[in-house]
Amino acid sequence: MGAPPVEWWLDAYFRWLRHPYYLALQSAAETYNAAPQAVQITQVITDVPRREISLGRVRIRFFVKCRPERTPVQQPATPYAPIRICTPEATALDRVRYASRIGGMSRVQETLRSLLPAFRVPALKRALDAEGIPAVAQRLGYLIDQEGGAPLAEIVHRWLPSRI
């Protein structure tokens with residue numbers, strides 16, 4: 001591929017840059033077996049704009065988010081190097097937030113269908129608190145409800161402010 005896999009060196013790269021990051025969007029969904037299509041570009045969220053990186057056939061696209069360190073992440077045990085991956089709930093919120101840049105709401109819903117079984121109520125509440133954007137939460141709640149996740153959609157509804 002012209003370079004080692006991104007998962008082997010991404011954490012060390014961001015420690016060297018001294019910036020927060022996490023594997024996100026479709027790249028994170030793929031780690032939860034919720035990617036209906038093969039991921040061609042690794043998607044990473046960080047706190048400052050960065051140019052896309054191309055190393056051989058490896059490509060990394062960066063998305064900017066204010067205070068990404070607040071987003072709930074997991075660090076799975078990997079044999080090569082640590083890596084920060086957002087939780088399934090945070091993945092869904094990010095996919096809604098960046099829908100226009102990743103293929104639209106139909107692509108978000110397609111992935112959400114596979115992610116829903118991995119959702120946990122406490123983790124959903126943490127992700128909503130970390131994101132803190134009612135419009136994104138509303139859209140996610142609607143999509144969850146459309147996929148038959150009424151109890152989870154009710155959690156989102158209760159999180160929303162009384163007046164939007």
Side-chain angles (χ1 to χ4, degrees), residues 1-133 136 140 143-144 147 149 152:
M1 291 184 61
V6 173
E7 295 82 10
W8 292 11
W9 54 268
L10 191 66
D11 189 70
Y13 174 68
F14 273 95
R15 275 188 282 126
W16 177 73
L17 291 173
R18 293 190 176 124
H19 283 278
Y21 84 97
Y22 60 89
L23 201 62
L25 304 168
Q26 197 65 17
S27 299
E30 183 180 49
T31 65
Y32 300 116
N33 297 318
Q37 299 173 359
V39 177
Q40 303 295 317
I41 299 173
T42 302
Q43 297 166 327
V44 176
I45 290 184
T46 188
D47 62 343
V48 294
R50 299 201 173 283
R51 290 185 184 160
E52 188 173 297
I53 294 176
S54 293
L55 298 167
R57 290 185 6 215
V58 174
R59 290 181 52 206
I60 305 172
R61 181 167 296 147
F62 298 100
F63 294 80
V64 178
K65 183 178 191 178
C66 182
R67 302 189 63 189
E69 65 276 1
R70 294 182 62 195
T71 301
V73 297
Q74 300 174 353
Q75 275 193 303
T78 60
Y80 300 104
I83 189 158
R84 298 169 50 85
I85 303 171
C86 59
T87 63
E89 300 81 9
T91 300
L93 280 164
D94 282 342
R95 287 187 59 75
V96 170
R97 182 179 184 170
Y98 296 101
S100 63
R101 295 182 57 199
I102 59 169
M105 280 298 195
S106 61
R107 293 284 308 268
V108 172
Q109 191 163 17
E110 187 178 58
T111 303
L112 182 63
R113 198 170 292 131
S114 301
L115 272 178
L116 271 179
F119 275 35
R120 302 293 171 252
V121 172
L124 179 58
K125 289 177 182 176
R126 271 194 315 277
L128 288 166
D129 289 339
E131 188 70 27
I133 302 175
V136 173
L140 178 63
L143 293 174
I144 289 172
E147 292 301 322
L152 291 170

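Contact of the F62 side chain with the V48 side chain is not registered, since no non-hydrogen atoms from C-beta on lie closer than 4.5 Å. Residues K125 and E89 are not in side-chain contact: their nearest non-hydrogen atoms beyond the backbone lie 4.5 Å or more apart. Counting only heavy atoms from C-beta outward, the side chains of F14 and D11 never approach each other to under 4.5 Å. By the 4.5 Å heavy-atom criterion applied to side chains, Y80 and E7 are not counted as neighbours.
Side-chain contact of R107 with Q26: a donor-acceptor pair under 3.5 Å is absent, judged by distance alone. With hydrogens and angles left out, the side-chain atoms of R59 and T42 include no donor and acceptor closer than 3.5 Å. Side-chain atoms of Y32 and Q74 form a donor-acceptor pair, as typed in the model, at a separation below 3.5 Å.
Taking all atoms of both residues into account, the shortest heavy-atom contact from I83 to P76 is O-CD, 3.6 Å. What you find for T71 and A90 is that their closest heavy atoms are CG2-CB, 3.6 Å. Residues V96 and V136 come closest through the heavy atom pair CG1-O, 3.8 Å. L128 approaches L93 most closely through the heavy-atom pair N-CD1, 3.8 Å. Contact detail for A92 and L115: the closest heavy-atom pair is N-CD1, 4.3 Å.
Just one of T46, D94, T91 meets the side chain to side chain donor-acceptor pair (under 3.5 Å) condition when paired with Y22; it is D94. Of the candidates Q43, Q40, E52, E52 is the only one forming a side chain to side chain donor-acceptor pair (under 3.5 Å) with R61.
With a 6.0 Å radius and a threshold of 12 heavy atoms from other residues, nucleotides or ligands, Y13 has its OH atom above the threshold.
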